[in-house]
There are 2 protein chains.
Amino acid sequence: MASRATRRSDCAIAGTLDLVGDRWSLLIVRDLLVTESLRYGDLLASHESIPTNTLADRLRKLEDAGILTKERYQDRPPRFAYRLTERGYALAPTLDALATWGTTHLPGTRRLIG
Amino acid sequence: MASRATRRSDCAIAGTLDLVGDRWSLLIVRDLLVTESLRYGDLLASHESIPTNTLADRLRKLEDAGILTKERYQDRPPRFAYRLTERGYALAPTLDALATWGTTHLPGTRRLIG
DNA sequence: TACCGTCACTTGCACATTGCAAGTCACTGG
DNA sequence: CCAGTGACTTGCAATGTGCAAGTGACGGTA
């Protein structure tokens, strides 16, 4: 699981943001809340179009953080699916709060989860 | 207020993350939830030690986004205080959810708000 | 057997952002 | 006149991001 080596402070919010506080991580979590199990290509095709190297990097970090798991669901040819762990599902209230703020304060946005 | 020029998608979560989805913005909001009105130096002194140029940049962007306001509370010498707008206070549930996740899943972290 | 396509990434490289340190400028109090 | 405080700005090296192209395992078709 995560090396929690470099935490900025003992604040729970800061600690959480160290793991998911960037433009992409929570969108990956969002996609996996909507669709339980997704492959690399599915996540790439999500409509915000994350760069492929950034996606690979975020998946590694989220896996390290114990937020999602990568499972080989087929051997020949090797195929993988990503899904949230319990820790990952526990981020749902955060995503929900972000979605509520967005739909309330950003005209033209829609709630895709919940 | 904000130029909402470059939004990645119509997803409310993505839109919100475009405004506050980085390592520092929500910590500034956190500090202003805890202490209603803060000056530049107070925010700099917060224990995660944000770099001064990054702080200045984030304050500008959060002000542009209508999340906080800068008020000159004294003229000679000029002194400024930052405080959340209604939009800013509306982020409280998000911060609360992040704090809950952190205290639950990151040993050694504490809830500083709520 | 040769070739094409798919999946799941990796690599290269230009450009943008971050973090640290130092500098600036208005003003005040001694 | 001069040190000190508040609120930033500037310079610059290091790190991170985004786009495009490449790679390697495999399977399907001819």
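To find a chain, count down the sequence lines: A is the first, B the second, and so on, and within it residues start at 1. In what follows, every heavy atom counts, from backbone to side chain, and hydrogens, waters and symmetry copies are set aside.
B:Thr103 places no side-chain N or O within 3.5 Å of a backbone atom of B:Arg110 that could act as its donor or acceptor partner. Although no hydrogens or angles enter the test, the distance criterion places no donor-acceptor pair under 3.5 Å between the side chain of A:Ser37 and the main chain of A:Ala81. Using modelled atom types, one side-chain atom of B:Thr85 and one backbone atom of B:Arg87 make a donor-acceptor pair closer than 3.5 Å.
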Exercise answer: donor-acceptor pairs, residues 53-60 of chain B side-chain atoms, under 3.5 Å, sequence neighbours excluded:
unit_1	atom_1	unit_2	atom_2	d
B:Asp57	OD2	B:Lys61	NZ	3.2
B:Arg58	NE	B:Asp22	OD2	3.0

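As rounded to whole Å, 11 Å separates atom P of D:dG18 from atom CG of B:Asp18. In this structure, CD1 of B:Ile50 is placed 15 Å from C1' of D:dT9, rounded to the nearest angstrom. Rounded to an integer number of Å, the gap from CG of B:Asp57 to P of D:dC8 is 13 Å. Rounded to an integer number of Å, the gap from A:Leu55 CG to D:dG18 P is 12 Å.
Boundaries of the chain A contact region on DNA chain C are C:dC7 to C:dG12, first to last in 5' to 3' order (nucleotide atom under 4.0 Å from a heavy atom).
Close to D:dT9, at under 4.0 Å from its OP1 or OP2, lies no side-chain N or O of B:Tyr40. A sub-4.0 Å separation between OP1 or OP2 of D:dC8 and a side-chain N or O of B:Thr52 is absent. Listed pair A:Lys61 / D:dG16 fails the phosphate criterion, with no side-chain N or O lying under 4.0 Å from OP1 or OP2.
Note on A:Arg60: only backbone sugar-phosphate atoms sit closer than 4.0 angstrom, heavy atoms only; bases stay farther off.
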Look for any protein N or O under 3.5 Å of an N or O in nucleotides 24-30 of chain D and output each such pair with its distance, or none.
none

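Salt bridge status for A:Glu36 with A:Arg83: present, with a side-chain N to carboxylate O gap under 4.0 Å. Salt-bridge annotation for B:Glu71 and B:Arg79: absent, with no side-chain N of the basic residue lying under 4.0 Å from a carboxylate O of the acidic one.
Cation-pi geometry between A:Lys70 and A:Phe80 is met: the NZ or CZ atom falls under 6.0 Å from the ring centre, inside 45° of the normal.
Closest-nucleotide positions on DNA chain D for B:Asn53 and B:Asp42 were compared, and the one nearer the 5' end corresponds to B:Asp42. When each of A:Asp22 and B:Ala81 is assigned the nucleotide of DNA chain D bearing its nearest heavy atom, the one mapping closer to the 5' terminus is B:Ala81.
Within a 6.0 Å sphere centred on CD of A:Glu86, heavy atoms belonging to other residues, nucleotides or ligands number 12 at most.
Under the 4.5 Å side-chain heavy-atom criterion for grouping Ile, Leu, Val, Met, Phe, Trp and Tyr, B:Leu32 is connected to B:Leu26 within one hydrophobic cluster.
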